[in-house]
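Working notes, structure below.
Residue indices begin at 1 and follow the sequence shown. Worth knowing before you read on, the calculation uses all heavy atoms, side chains too, and leaves out hydrogens, waters and symmetry mates.
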Amino acid sequence: MQEGIIVDANRAWLELFGYSGDDALTGTPLMDLFEQETHPALKGALVACLQGKWSGHGLKVQALLSDGSTLALELLLTKADYENEPAIRIAISATHKKDHDLEVELADAVKNDASTRFLQQRYLIAAVRERCALGMKGGVRQFALIKPDRFIEIQNAIGVLASEDFMAQLADLLRKQLTPTDLCGRFGGNGLVVLVERGTARDVETWAENIVKRVNEHVFASDDKTLAATVTVGLGLLPAANPDAGGSIVPDVGGAITDAVSAVRRGRELGGNQMYVVDKSDTDTRVQAYDKIWVKHIKSALMENRFRLVQQPIASLLGEDKGMFDVLVRMLDEQGSEVLPAEFIAAAERNDLMKNIDRWVIGASMSFAANRKASCIFVRVSKDTVLDKSLLPWLDAQLKSLRIEPKRLCIQVTEDLANQYVRQTKELAESLRKLGFRFALEHFGTGRDPLKLLADIDMNFIKIDGSLMQGLSTNQIQQQRVKGLVEAAKRRGMETVAERVEDANTMAVLWQLGVEFIQGYFVNAPEDVTMSSNDRR
């Protein structure tokens, strides 16, 4: 392809797309061969590739074949020359199946539902239990139950037998929204269940809202009939284990699915066509009992220095490694097993322990900066630290003791926290920058007035919330929203980081939108130890 136009296509490509004649596609705009929703990601990847900044990532697209049908493909893009002019070579990997692969596929076929090609219910539950036993490196796990609204009316409209075709189409629509880590199966006749792993609960909710929107906009077809349909998506959280129960406890899968079923029921009572989460606010007694357990463990870990940091690289979309890292805290239990923040931070916040944890994290991050040549380390702090008047003198003393360049640390707070304490956040940002530190707002772009915060608070970076990355590659409204944030930040000389980027398509769109940096599991999971408890003794 040169300048958006196909200049050569081999026979395999022509046959796959349903064309005959060696020159059938020559002179055709490349975008004509792909669905509209694929275009933003494809355009971004092409620009990056032409500039030599796309390195072997597979790009998922929906191809338009000559007969009007679509086909899911993964494209490989490489920079090339064609007749001494710059070009891009676009390839589709051939699939060579070995006997072993066929045996695996046959075994999978036995486990899968014939219509949806997702796991049958009993195999899904077994796979979920196996996955949950492995634990997570970070983020949350939730069950999403997707059920068609007024399914009896759908059956009456197209017939009982044709309703299986409807379920197959619904499954295909859902499949486009799944990530490689998601587990999906058929549940209870006309339901689909997904074990969703994302960075935050808000990411899961945004993903579920996108499913509802997609189905609502889709036209389902069965023989000569078409129909519109809606779904209700209910979410159920897999709760953290009790720390006194030992690290091997299996999460309550049944309870989480029950919550998802209840959420669907409640969502339908409210009219359907929505995402719903059951409000399971604990009573004061239950919260106090929960906190009593965790406070004991947190205080013990602080006394015995049983915390550590893990690093997550932040990658540049400009093609050069800036040596930037986000650091995340982990607590170690008495057996040395890792405890994720999602399990203990809420209790720490409710019991005034965050200031001590924040001090440990900042101190460990400064020690890391002193020992490693990282250009910028992002350190998140809590409300307690934002309101802490003794923070700045403590930081000044730490700087004199460790003799590090303060600009190598970027203190970050959430947009939500900044909205609650605008004056204090503004004062903290100004004071930190006077000491030479950098400042950022994370989880940015979903609050009531993010552009006003940009005007009110002087900062070096904004980190665009990961919930806006959910479905970004095919959601034009969301793309415009992110683009507006990027442009507003650039006008003020601030750099932008996209949080929780999980696939190449999202990265390609972010390239188009002008985002400078990305972080997330697509870049690297937060698993490299940067500072253990022994390093802080």
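A 4.5 Å side-chain heavy-atom check between W207 and T179 finds every atom pair outside the cut-off. Residues D113 and M167 are not in side-chain contact: their nearest non-hydrogen atoms beyond the backbone lie 4.5 Å or more apart. Inter-residue side-chain proximity for V204 and V140 is flagged as met; some heavy-atom pair is nearer than 4.5 Å. Between M507 and I518, the closest side-chain pair of non-hydrogen atoms falls below 4.5 Å. A 4.5 Å side-chain heavy-atom check between V194 and F143 finds every atom pair outside the cut-off. Put simply, the side chain of L75 reaches to within 4.5 Å of the side chain of L42, judged on heavy atoms. The shortest side-chain heavy-atom distance between P341 and L328 does not fall under the 4.5 Å cut-off. L71 places a side-chain heavy atom less than 4.5 Å from the side chain of L16.
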Query - Residue pair L235, M275: steps toward the side-chain contact (heavy atoms from CB on, under 4.5 Å) verdict - result: CA-CA 8 Å; L235 299 180; M275 178 277 301; 3.8 Å; yes

Query raised in the report: After noting the C-alpha distance and the side-chain angles of Q312 and F325, does the key distance pass the side-chain contact (heavy atoms from CB on, under 4.5 Å) rule?
Result: CA-CA 5 Å; Q312 184 172 56; F325 300 92; over 6 Å; no

Requested in this report: Just do the salt bridge (charged side-chain N to carboxylate O under 4.0 Å, His left out) check on K490 and E487 with the steps written out, would you?
Outcome: CA-CA 5 Å; K490 285 186 175 179; E487 291 175 347; over 6 Å; no

Requested in this report: Please assess F444 against Q412 for the test side-chain contact (heavy atoms from CB on, under 4.5 Å), listing each intermediate value before the final yes or no.
Outcome: CA-CA 11 Å; F444 188 82; Q412 60 187 8; over 6 Å; no

Query - Steps toward side-chain contact (heavy atoms from CB on, under 4.5 Å) verdict (E516, L317) - result: CA-CA 5 Å; E516 288 106 332; L317 289 182; over 6 Å; no

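Applying the 6.0 Å contact sphere to CD of E269 captures more than 12 heavy atoms from other residues, nucleotides or ligands. Within 6.0 Å of the NZ atom in K452, the count of heavy atoms belonging to other residues, nucleotides or ligands does not exceed 12. At most 12 heavy atoms of other shown residues, nucleotides or ligands fall within 6.0 angstrom of atom CG in L161.
Take F187 and apply the ring pair (Phe, Tyr, Trp, His ring centres under 6.0 Å) test, not counting sequence neighbours, and it matches no residue. When the side chain to side chain donor-acceptor pair (under 3.5 Å) test is applied to Q142, no partner is found at least two apart in sequence or on another chain. For K463, the salt bridge (Lys or Arg N to Asp or Glu O under 4.0 Å) partners at least two apart in sequence or on another chain are D326. For the ring pair (Phe, Tyr, Trp, His ring centres under 6.0 Å) test, no residue two or more places apart in sequence or in another chain qualifies with Y123. Scanning for side chain to side chain contact (heavy atoms under 4.5 Å, CB included) contacts around A263 gives Y276, V278, with sequence neighbours left out. The ring pair (Phe, Tyr, Trp, His ring centres under 6.0 Å) search around F517 returns none, not counting sequence neighbours. Scanning for ring pair (Phe, Tyr, Trp, His ring centres under 6.0 Å) contacts around W54 gives H57, with sequence neighbours left out. The side chain to side chain donor-acceptor pair (under 3.5 Å) search around N156 returns none, not counting sequence neighbours.
For residues 465-478, the set of pairs meeting the salt bridge (Lys or Arg N to Asp or Glu O under 4.0 Å) definition, not counting sequence neighbours, comprises D465-R500. Among residue pairs with one or both ends in residues 211-230, those qualifying as ring pair (Phe, Tyr, Trp, His ring centres under 6.0 Å) are F166-F220, H218-F220; sequence neighbours excluded. Residues in residues 153-172 take part in these salt bridge (Lys or Arg N to Asp or Glu O under 4.0 Å) pairs, two or more places apart or across chains: R117-D172, R150-E153, E164-R186, D172-R175. Sorted by first and then second residue, the salt bridge (Lys or Arg N to Asp or Glu O under 4.0 Å) pairs involving residues 28-55 (not counting sequence neighbours) are E37-R214.
Here the side chain of Q177 pairs no donor or acceptor atom with the backbone of G471 at under 3.5 angstrom. In terms of modelled atom types and a separation under 3.5 Å, the side chain of Q470 and the main chain of N210 share no donor-acceptor contact. Between the side chain of S66 and the backbone N or O of F17, at least one donor-acceptor pair lies under 3.5 Å. Listed for the T232 side chain is no donor-acceptor partner under 3.5 Å among the backbone atoms of G267. Of the possible polar contacts, none joining the K79 side chain to the I88 backbone as a donor-acceptor pair under 3.5 Å is found. E499 places a side-chain N or O within donor-acceptor distance of the main-chain N or O of G466, the cut-off being under 3.5 Å.
For K60 and E74, the salt-bridge test fails: no basic side-chain N is under 4.0 Å from an acidic carboxylate O. Between E205 and R202 there is a salt bridge, with a side-chain nitrogen of the basic residue lying less than 4.0 Å from a carboxylate oxygen of the acidic one. Salt-bridge annotation for K213 and E217: present, with a side-chain N of the basic residue lying under 4.0 Å from a carboxylate O of the acidic one. A salt bridge between R198 and D182 is present, with a side-chain N of the basic residue lying under 4.0 Å from a carboxylate O of the acidic one. Between E197 and R131 there is a salt bridge, since at least one side-chain N of the basic residue sits less than 4.0 Å from a carboxylate O of the acidic one.
With values rounded to the nearest 0.5 angstrom, L73 atom CG is found 7.5 Å from L65 atom CG. To the nearest 0.5 angstrom, Q51 atom CD is 5.0 Å from W511 atom CH2. A distance of 10.5 Å separates CD1 in I345 from CG in L340, rounded to the nearest 0.5 Å. M494 contributes atom CE, which lies 8.5 Å from atom CG of L441 (distance to the nearest 0.5 angstrom). To the nearest 0.5 Å, atom CZ of residue R380 and atom OG1 of residue T414 are 10.0 Å apart. To the nearest 0.5 angstrom, D149 atom CG is 5.5 Å from R268 atom CZ.
Of all heavy-atom pairs between L468 and V482, the closest is CB-CG2, 4.2 Å. Taking each heavy atom of L485 and I464 in turn, the nearest pair found is CD1-CG2, 4.2 Å. In plain terms, the two heavy atoms of I5 and P29 that are nearest each other are CD1-CA, 3.9 Å. Of all heavy-atom pairs between P148 and L170, the closest is CG-CD2, 4.0 Å. Taking each heavy atom of G185 and F118 in turn, the nearest pair found is CA-CB, 3.7 Å. Taking every heavy atom of both residues into account, A489 and L454 meet most closely at N-CD1, 4.0 Å.
If you check the side chains of S262 and D259, you find no donor sitting under 3.5 Å from an acceptor. The closest side-chain donor-acceptor pair between D203 and S467, if any, does not fall under 3.5 angstrom. Remark: the D67 side chain and the S69 side chain contain an N/O donor-acceptor pair separated by less than 3.5 Å. For the residue pair Q420 / D416, a side-chain donor-acceptor distance below 3.5 Å is found, with atom types taken as modelled.
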